[in-house]
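Down below is the structure, laid out as structure tokens.
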Number of protein chains: 2
Amino acid sequence: MHDHSLDDQQIDHISQIFKALSDPTRIKVLHLLFQRECSVNEIAEQLNMNQSAISHQLKYLKQLHLVKKRKVKTMSYYSPDDYHVMNLLEQTIEHTKHTS
Amino acid sequence: MHDHSLDDQQIDHISQIFKALSDPTRIKVLHLLFQRECSVNEIAEQLNMNQSAISHQLKYLKQLHLVKKRKVKTMSYYSPDDYHVMNLLEQTIEHTKHTS
DNA sequence: TTATAATATGTGCATATGTTCATATACTAA
DNA sequence: TTAGTATATGAACATATGCACATATTATAA
């Protein structure tokens, strides 16, 4: 038998994860990082967006432990850091491709 | 070989679904409806929230086809209407319970 | 040292969001 | 009809969000 109860802390955590995935820019960033590690400028160029906007979003994602950073000289290379959330996103993307 | 391209329409759709799941109230509503069909007042009482707030959120969820409505006399009974999204939510809830 | 490059950060702004309040609507029952 | 109940809706409000701009920080290279 399952326990259906949910405390507010768990719910807040879940909503935070889904909120991270609820923005088109963050989806694009994560989907790109799923394919390959990228620097900030690479991401900004790929998505045709301001470097500052990308940097802010990467900070947001890093704070949630969804991405990690590797510094080399002046460059910051970002890559996924949460296997479960990345699978959640990629499976949803695949499902959307096959249905819409 | 996979196609990694994603058009903006698909991304907007995905972000809309995740946005629906990014609010604690909507998570609680959907999780409750996953267990059993409920009227608006039932939901409001269970979540200890304003009837109007629940009604607004149900309209939001219905517009996205995540819930459906069954009218009986003056009552509106709501239940899930998207198997895939409900599974997405419930699996994430289960995962959170077992890890956090 | 100075200049340059990559990234990070603070601020301001327009817009979006979630809620409450008051009220409207739909339906029932007396 | 009228009163009562359940739900829906519109408006207003405080807060959150995502972005651009300017600038700061960090590290390199000349």
Side-chain angles (χ1 to χ4, degrees), chain A residues 8 11-33 36-79 81 89, chain B residues 8 11-33 36-79 81 89:
Chain A
D8 286 344
I11 289 177
D12 285 346
H13 178 248
I14 293 169
S15 69
Q16 272 198 318
I17 298 301
F18 283 127
K19 185 161 290 177
L21 301 176
S22 75
D23 175 69
T25 299
R26 287 193 292 269
I27 291 178
K28 290 177 195 170
V29 168
L30 289 173
H31 185 61
L32 177 56
L33 296 183
R36 56 184 172 87
E37 186 189 56
C38 287
S39 70
V40 179
N41 275 344
E42 273 183 287
I43 300 169
E45 283 168 26
Q46 278 285 321
L47 307 190
N48 196 28
M49 286 190 63
N50 198 299
Q51 172 268 324
S52 171
I54 298 302
S55 195
H56 277 293
Q57 296 294 9
L58 286 169
K59 181 181 183 176
Y60 178 106
L61 293 170
K62 187 163 177 290
Q63 193 187 292
L64 286 174
H65 306 290
L66 300 189
V67 302
K68 61 182 179 236
K69 175 164 66 167
R70 181 172 68 91
K71 286 215 85 173
V72 178
K73 299 187 174 179
T74 60
M75 319 270 283
S76 292
Y77 293 100
Y78 284 86
S79 56
D81 198 30
L89 174 61
Chain B
D8 286 345
I11 289 177
D12 285 345
H13 179 248
I14 293 169
S15 69
Q16 273 198 316
I17 297 301
F18 283 127
K19 186 161 289 177
L21 301 176
S22 75
D23 175 69
T25 298
R26 288 193 291 269
I27 291 178
K28 290 178 195 170
V29 169
L30 289 173
H31 185 60
L32 177 56
L33 297 183
R36 57 186 172 85
E37 185 190 57
C38 288
S39 71
V40 179
N41 275 343
E42 273 183 287
I43 300 170
E45 284 168 25
Q46 278 284 322
L47 306 191
N48 195 31
M49 286 189 65
N50 199 298
Q51 172 269 322
S52 173
I54 298 301
S55 195
H56 277 296
Q57 297 293 9
L58 286 169
K59 182 181 183 176
Y60 178 106
L61 293 170
K62 186 162 177 292
Q63 192 186 294
L64 286 174
H65 307 290
L66 300 188
V67 303
K68 60 183 179 235
K69 175 164 65 166
R70 181 172 67 91
K71 286 214 85 172
V72 178
K73 299 185 176 180
T74 59
M75 317 270 283
S76 292
Y77 294 100
Y78 284 85
S79 56
D81 198 30
L89 175 60

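For clarity, every value in this text was computed on a predicted model and none was experimentally measured. Here is how names work: the chains are called A, B, and so on, in the same order as the sequence lines, proteins then strands, and each is numbered from 1.
- Under the 4.5 Å side-chain criterion, counting only non-hydrogen atoms from C-beta, V67(A) is not in contact with V29(A).
- Side-chain N/O atoms of R26(A) include one lying less than 4.0 angstrom from OP1 or OP2 on dG18(D).
- Proximity note for M75(A) (side chain, C-beta onward) versus dT7(C), dA8(D), dT28(C): the nearest is dT7(C).
- Separating the CD1 atom of I43(A) from the P atom of dA6(C) is a distance of 14 Å, rounded to the nearest angstrom.
- Residue Y77(B) is classed as having no contact, given no heavy-atom separation below 4.0 Å to the nucleic acid.
- Taking atom CG of L58(B) as the reference point, atom P of dG18(C) lies 14 Å away to the nearest angstrom.
- The shortest distance between the side-chain N/O atoms of K71(A) and the OP1/OP2 oxygens of dA6(C) is not below 4.0 Å.
- For S55(A), a side-chain nitrogen or oxygen approaches OP1 or OP2 of dA8(C) to under 4.0 Å.
- Taking 4.0 angstrom as the limit, N41(A) places a side-chain polar atom (N or O) nearer than this to OP1 or OP2 of dT7(C).
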Under 3.5 Å, which protein N or O atoms sit close to an N or O of nucleotides 19-24 of chain D? Give each pair with its distance.
residue : atom : partner : partner atom : Å
dC19(D) : OP1  : T25(A)  : OG1          : 2.6
dC19(D) : OP2  : Q57(A)  : NE2          : 2.8
dC21(D) : N4   : S52(A)  : OG           : 2.5

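- dA6(C) atom P lies 11 Å from atom CD of E42(A), rounded to whole Å.
- Contact between the side-chain N/O atoms of Y78(A) and the OP1/OP2 oxygens of dA8(C) is found at a separation under 4.0 Å.
- The side chain of K59(A) places no N or O atom within less than 4.0 Å of a non-bridging phosphate oxygen (OP1 or OP2) of dT7(C).
- Distance OH/Y77(A) to NZ/K68(A): 16.0 Å, rounded to 0.5 Å.
- K28(B) has a carboxylate O that lies under 4.0 Å from a charged side-chain N of D8(A), or vice versa, which qualifies the two as a salt bridge.
- Among the atoms of the strands shown, none is found under 4.0 Å from any heavy atom of K62(B).
- At the phosphate of dT17(D), OP1 or OP2 sits under 4.0 Å from a side-chain N or O atom of K19(A).
- Straight-line distance from the OH atom of Y60(A) to the C1' atom of dT9(C): 18 Å, rounded to whole Å.
- Rounded to a whole Å, the CG atom of L61(A) is 13 Å from the P atom of dT17(D).
- The number of heavy atoms from other shown groups lying within 6.0 Å of CD (Q63(A)) does not exceed 12.
- Rounded to whole Å, atom P of dT17(D) lies 18 Å from atom CZ of F18(B).
- What separates CD of E45(A) from C1' of dA5(C) is a distance of 13 Å, to the nearest Å.
- Not a single donor-acceptor pair under 3.5 Å links the side chain of S55(A) to the backbone N or O of S52(A).
- Rounded to the nearest 0.5 angstrom, L30(A) CG and I43(A) CD1 are separated by 9.0 Å.
- Looking at every heavy atom in both residues, S15(B) comes nearest to S22(A) through CB-O, 3.2 Å.
- Partners of M49(A) according to the side chain to side chain contact (heavy atoms under 4.5 Å, CB included) rule, which considers only residues two or more places apart in sequence or in another chain, are T25(A), L47(A), A53(A), I54(A).
- Listed pair K73(A) / dA29(D) meets the phosphate criterion, a side-chain N or O lying under 4.0 Å from OP1 or OP2.
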